[in-house]
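When a ligand or atom number is given, it counts from 1 through the structure's own listing order. All values derive from a computational prediction rather than experimental measurement.
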Amino acid sequence: MSPFLDLPPLTAARFAAIEDRVAALLHTTADVIVTQGEALLPLEAAIRSAVRPGTTALNIVTGPYGQTFGGWLRDCGAEVVDLAVPYDTAVGADRVAAALRAHPETSFVSLVHAEAATGNTNPVAEIGAAVRAHGALLMLDAVASVAAEPLHTDAWGVDLCVIGGQKAMGGPAGVSAVSVSARAWQAITANPRAPRRSYLSLLDWKERWTDAGRTALPHAPAQLEMLALDACLDRIAAETLPATIARHRAAAAATRAGLRSLGPLAPYVTSDGHAAPVATTVRTPAGLDARELAAAALRSDPAVPVQAGGGALAAEMLRINHYGPAAALGTVQASLTALAAALDTVRADGVHTDTLHSDGADAEAARGAAATAWTAALAG
Ligand SMILES: *Cc1c(COP(=O)(O)O)cnc(C)c1O
């Protein structure tokens, strides 16, 4: 007997109930469509549905996902204004408002909330107010922020809010969701280029599912992922959403405090207020390749959620993930211990001795600093 096989069919009523639970998690009364794939599916679907040739789109780039969005926006024929900020900081609402003033024809704005890849997080409430005042639609990639920090879709004026189960929700990567405001539906319905009869079609789901009263599913649901998503929502409800969020914030605070105690490894995002609660990125000292350090940390403890940074930052940045079950003091401390051991290893190799002072890597002190910060974050 396998718990994964021979399951009774997932009913339309169960599917709709899970959508309603996701809507509650996002604090929205808008339609929520659960999409049958990893979160890149609803992100691409949202852009291709709402954007058409001639649309002016403001694409806020605070990490690699923003670059991906820019590609899709151009592919849709949009005039794209990229507002790029250095990856070690957040974008300010004032800069967004200035970009909108400079490009008054802007009708679509894409923004990432928290970036797991670069470790930063953006002030969506303030940015959302600026976008709403301008009258443009706001698409938010909240994959790495849902359940890790407050997410108030309606109050913040987010028109298309995309989430996935695999980060702070601690769930499956194979299912995701997007909320669609009435204003977004207007734009999508009026777009002759919006995907139809396509896996990327939000309109298909509107016509065949949402507007049809959610009584018959248009396709066979991704049943295991839906059950796992429901189980995630059960677990968040049992812990409570505020406690889940507080645990992620505490994990970020503990990781940052531990890194500062370790010495030569600095948090890549310098301001605590701009730091994402799901992952802490680490800048390695000049001359020390981050891939080398991450590999040494994983040799010391293969179980820690430490990985080399990707793409252009691979040599100078590594990443400590602390989302889902890994948002725990013990896991953070294990990551710090592994990094301290990795620093010892590269020191013992005799290289980089100019940048790595031997007073830095005290694993015990780092664990203590993490514990103190963890407790303080949960108390505050
Ligand atoms: C993790 C993440 C996603 C999902 O992408 P994967 O490539 O599956 O990890 C999307 N957006 C953001 C901001 C993320 O952090």
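Considering only non-hydrogen protein atoms, atom 7 (O) of ligand 1 sits nearest to Tyr65 OH, 3.2 Å. Residue, atom and distance of the protein heavy atom nearest to atom 14 (C) of ligand 1 are Lys167 NZ, 3.0 Å. Annotation: atom 4 (C) of ligand 1 to nearest protein heavy atom, Glu38 OE2, 3.1 Å.
Dense packing is recorded around CD of Gln36, with more than 12 heavy atoms of other residues, nucleotides or ligands lying under 6.0 Å away.
Taking 4.0 Å as the cut-off, His113 does not count as a neighbour of ligand 1 on heavy-atom distance. Distances shorter than 4.0 angstrom do not occur between any heavy atom of Gly63 and any atom of ligand 1. Ligand 1 has Leu40 within reach: a non-hydrogen atom of the residue lies less than 4.0 Å from it.
For Glu19 and Arg214, the salt-bridge test passes: some basic side-chain N is under 4.0 Å from an acidic carboxylate O.
Partner of Val269 under the side-chain contact (heavy atoms from CB on, under 4.5 Å) criterion, chosen from Asn120, Thr121, Thr280: Asn120.
The minimum heavy-atom distance between Leu217 and Leu10, with the atom names listed, is CD1-O, 4.0 Å. The heavy-atom pair separating Ala254 from Leu329 by the smallest distance is CB-CD1, 4.4 Å.
Here Trp156 and His113 bring their ring centres to under 6.0 angstrom of each other.
Ligand-side atoms of ligand 1 in range of Val112: 13 (C), range being under 4.0 angstrom from any heavy atom. Residue Gln166 has at least one heavy-atom neighbour below 4.0 Å for each of these atoms of ligand 1: 4 (C), 8 (O). For ligand 1, the atoms lying closer than 4.0 Å to a non-hydrogen atom of Ala114 are 13 (C).
Nearest to atom 11 (N) of ligand 1 by heavy-atom distance, out of Val143, Leu140, Asp141, is Asp141.
Without hydrogens or angle criteria, Arg319 side chain to Ala116 main chain gives a donor-acceptor distance under 3.5 Å.
Here Ala117 has no heavy atoms under 4.0 Å from ligand 1, in either its backbone or its side chain.
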